[in-house]
Chemist: 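Can you keep this structure in mind? I'll have questions shortly.
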Number of protein chains: 2
Amino acid sequence: MDAPSQVSSGSQPGSGSRTEAVADGIRARIAARQLAPGSRIPSVRAFAQAMSVSKSTVVEAYERLAAEGAIVARPGSGFYVAGKTRPLVLKAMGPELDRAVDPMWLSRLQQTGSGLMQPGAGLLPGDWLPDASVRRGLRAVARTEAAVLTQYDSPYGYGPLRALIALRVAEKGVQAEPDQIVLVDSATQALDLICRFLLQPGDTVLVDDPCYYNFLSLLRAHRVAVVGVPMTPAGPDLAALATLLAEHHPRFYLTNSALQNPTGTSLAPATAHRVLKLCEAHDTLIVEDEIFGDLEPEPAPRLAGFDGLDRVIQIGGFSKTLTAAMRCGWIALRPDWVEPLVDLKLSLSLGNGHVAAALAHGLLTDGTYRRALAETRRRVAGAMTRAVRDLRACGLELWAQPRGGYFLWMRLPDGGDAAEVARRALPRGMVLAPGVVFSPSGGWTDFLRFNVAHCAEPRVMATLREVL
Amino acid sequence: MDAPSQVSSGSQPGSGSRTEAVADGIRARIAARQLAPGSRIPSVRAFAQAMSVSKSTVVEAYERLAAEGAIVARPGSGFYVAGKTRPLVLKAMGPELDRAVDPMWLSRLQQTGSGLMQPGAGLLPGDWLPDASVRRGLRAVARTEAAVLTQYDSPYGYGPLRALIALRVAEKGVQAEPDQIVLVDSATQALDLICRFLLQPGDTVLVDDPCYYNFLSLLRAHRVAVVGVPMTPAGPDLAALATLLAEHHPRFYLTNSALQNPTGTSLAPATAHRVLKLCEAHDTLIVEDEIFGDLEPEPAPRLAGFDGLDRVIQIGGFSKTLTAAMRCGWIALRPDWVEPLVDLKLSLSLGNGHVAAALAHGLLTDGTYRRALAETRRRVAGAMTRAVRDLRACGLELWAQPRGGYFLWMRLPDGGDAAEVARRALPRGMVLAPGVVFSPSGGWTDFLRFNVAHCAEPRVMATLREVL
């Protein structure tokens, strides 16, 4: 907390200007939210020392503040900022947003389905997902041993699934033993647990600019400062990364190396190497989100592959590639952090859905996932070719050609306002994903994210032409 | 943050004693952990103003601190407390504990099963739980609509299950609409979400003394201060409650009204009324944990029933009464907090296991839960009678006769040391639950919690006699 402003030494103790200066010191901190409603303000003795005034001056100032209702006295306890401590209302922690640019509204929409066209959605269409296989998987779990059906899972997560994840992680070039894998219910839940493990309010976290908008909501819930490093088609802007690391000393840098959301780009080897050297120089950790990793044709470099799991923590899940209903997320991290992370996981009752883990393991080993992934990659590749063609025909520019995955990062011609376009689309029954929603700096205002799996319907391009 | 200590005004700027006083101000804050490792210390300008000294004095003091390694200079950025920010290691946030009294070790044991006798365990034995019914329930879910198997659930939680929970809550005398119910994966996860919604680091929370030991781990993870109100057989000690509310201004009071863990007691009507009046007088919220509510013969008063869901938030789940594998927890709260709570839930990816919710709903509506509950209550009642008799025969005293449930709070004769008894039991293959593990004040040292469902095995009483 910054020190209060200096009281001029020439005034006499108790003079009106000195009392008012003391009162102003408190008012300023309240206004800046350094002193939050319901929190205790400094004691008379402490504030008198800090401001180089007598205690009676402070008492007078506090009485003045109490009279105007800014603070309240609790006899025997001290003075407190007036007002109730408020609950954590994420929407109130930033400017009020209309729906077209509200990430929380976009998140809700995706999860409820709605009859609206959603060409910018973050998920595959429901009818692409293998419900017949999930049914078969559930019947298999119904035949499994009683302990799976009635007992808690291991605190580390379902053993066979940990072993399987370790193998899959190794296929991407990252050395990880099953003992280094901790399971939770989703990649987002994995990130949240990592944040609870590593962050304190007031820390800074570095993200890509643009990035997955739910990262921004989640980090807001952790009360940390978020700083964005601008993306380039080969990964983060290295000069900007060096500057931001030095200036902000973030606790960690959160990124997707493979098929970054929303730009679709993947990390180039030389960039990977330099990102690691820079983060090492500034003692910054890296959280590498693998959520789209399985959609690559062949694996791009992984920061955790180059560096090992010393400075890099990997997280992943299957909700984007298999089914949202399959609750399986994982964390790969250094061995000496596994135990304290699991202690935390256990205390908070995260993950440990034994039935869900057994189902996920079944779908990952009975051929379902392999077949679904192959089919998804096939369909997405075709959809991407068509979507690039159709979106270019609407006048949009492709920022960079992705190697795989289902996102396209498209630019409006002539610096248009994508949020305005999104507002026009809404009454026409179409939800777009304007770039500003993905940007911690409020940039990328002339960009839109598209999901090729939702672009094939003819009404989409027709409606888009109407609003561009 | 308290202001730094006053520098005596008589010294000349730059004098050794003034420089040292400035340095001492920083050293004191570091020692008191007001400035944590890795955090930025006040700028030269700010600290000079606060201490009424010249900037050159502060520069000199900072250079002195840097030379001794207490702080590090980051060019262009300022000075930082030396040392890495450490991850959140729950075990390091309190004194080192041996296994017999380590709540985290006890939690781990319960969840892994171990071949050890666990007469103090918090769960029913696995073979009491209806695995045949879970199998049937899974097969039913396998036949359900595709959307359940492949899509995200509603952000509020599975609709039919919300409606069902609202009805069950109403049966205990609490008015709640389905719209006031938010679902997550367990009662513990519900409490954690409420804590994230309501608490900031440094807040105080009031709990019962003794209370469920995982409350203490979870609140530790939230970096809040925990204060305990001593329990009596009729509920919390009201005089102590009044004093503690006035002294600590806790954000909320966390309690079980029905079959309190570990004492087994239930709230008397007069006590409930006065608890509410006291909390209202001090503007303290209440979180009422319903986890054992279904094991009562007939419902005790509920704070949420008397007061409505205005000041009281209810949480509950089914892991203690049906099966740990059924991931279903719920929150009942005031209508205007539902939206921001769900925004938070969604950002953190909590709950929303669609398949698990459909399974829970099936087991709650197809007769499985009703039959399992009736059977559990029957078996537990018989086991309680026998356990009370057997434990008394070992010389233990029953603190208060519970109206239901499966816990007994037993006192060692002549103020014995229950932790010592637990240490003796461990090499004999028996894990006990000594009172100190449940106490935020480190009290109840001559008490043990017993679970009547685990006391029937003859070896248990024989081993207990050996170690008492």
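Each chain gets a letter, A, B and so on, in the order the sequences are listed, and its residues count up from 1.
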Chemist: Let me see the working for B:W128 and A:T150 under side-chain contact (heavy atoms from CB on, under 4.5 Å), right down to the final yes or no.
Modeler: CA-CA 9 Å; B:W128 281 40; A:T150 60; over 6 Å; no
Chemist: Just give me the residue among B:R45, B:H248, B:H222 that pairs up with chain A most often, heavy atom to heavy atom, under 4.5 Å.
Modeler: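 The answer is B:H222.
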Chemist: Do B:R327 and A:D153 sit within salt-bridge range, that is, some charged N less than 4.0 Å from a carboxylate O?
Modeler: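 No, this pair does not count.
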Chemist: Say you draw a straight line from CG of B:L359 to CG of A:L138; how long is it, rounded to the nearest 0.5 Å?
Modeler: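 So the CG of B:L359 and the CG of A:L138 are separated by 9.0 Å.
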Chemist: Give the member of B:L348, B:L341, B:I41 that has the highest number of heavy-atom pairs under 4.5 Å with chain A.
Modeler: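 Most heavy-atom pairs within the cutoff with chain A belong to B:L348.
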Chemist: Could you walk me through whether A:L88 and B:L198 satisfy the side-chain contact (heavy atoms from CB on, under 4.5 Å) test, starting with their C-alpha distance in whole Å, then the side-chain angles of each, then the deciding distance to 0.1 Å, before giving a yes or no?
Modeler: CA-CA 6 Å; A:L88 183 61; B:L198 292 179; over 6 Å; no
Chemist: What part of B:A146 gets within 4.5 angstrom of chain A, counting heavy atoms only: side chain, backbone, both, or neither?
Modeler: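 Contact with chain A involves both backbone and side-chain atoms of B:A146.
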Chemist: What part of B:L124 is in contact with chain A, defined as an atom under 4.5 angstrom from a non-hydrogen atom: side chain, backbone, both or neither?
Modeler: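 The answer is neither part of B:L124.
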Chemist: What distance separates B:S347 OG from A:Y213 OH, expressed to the nearest 0.5 Å?
Modeler: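 B:S347 OG to A:Y213 OH: 10.5 Å, rounded to 0.5 Å.
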Chemist: Using non-hydrogen atoms and a 4.5 Å limit, figure out which bit of B:D131 sits close to chain A: side chain, backbone, both or neither.
Modeler: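 The answer is both parts of B:D131.
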Chemist: So A:R108 and B:D343, side-chain contact (heavy atoms from CB on, under 4.5 Å) or not? Walk me through it.
Modeler: CA-CA 8 Å; A:R108 297 262 195 132; B:D343 276 344; 3.0 Å; yes
Chemist: So which residue, B:L216, B:N214, B:V89, ends up with the most heavy-atom pairs under 4.5 Å with chain A?
Modeler: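 Heavy-atom pair counts peak at B:N214.
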Chemist: Specify which of B:R139, B:R196, B:M104 makes the most heavy-atom pairs with chain A at under 4.5 Å.
Modeler: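 Most pairs with chain A among the choices: B:R196.
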Chemist: Using a cut-off of under 4.5 Å for heavy-atom pairs, which of A:A142, A:A190, A:C195, A:G329 has the most such pairs with chain B?
Modeler: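 Sorted descending by pairs with chain B, the first entry is A:A142.
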Chemist: Tell me, for B:L90 versus chain A, whether the close heavy atoms (under 4.5 Å) come from the side chain, the backbone, both or neither.
Modeler: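 B:L90 touches chain A through side-chain heavy atoms alone.
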Chemist: Which of the residues B:R223, B:R136, B:R143 is involved in the greatest number of heavy-atom pairs with chain A at under 4.5 angstrom?
Modeler: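 Most heavy-atom pairs under 4.5 Å with chain A: B:R223.
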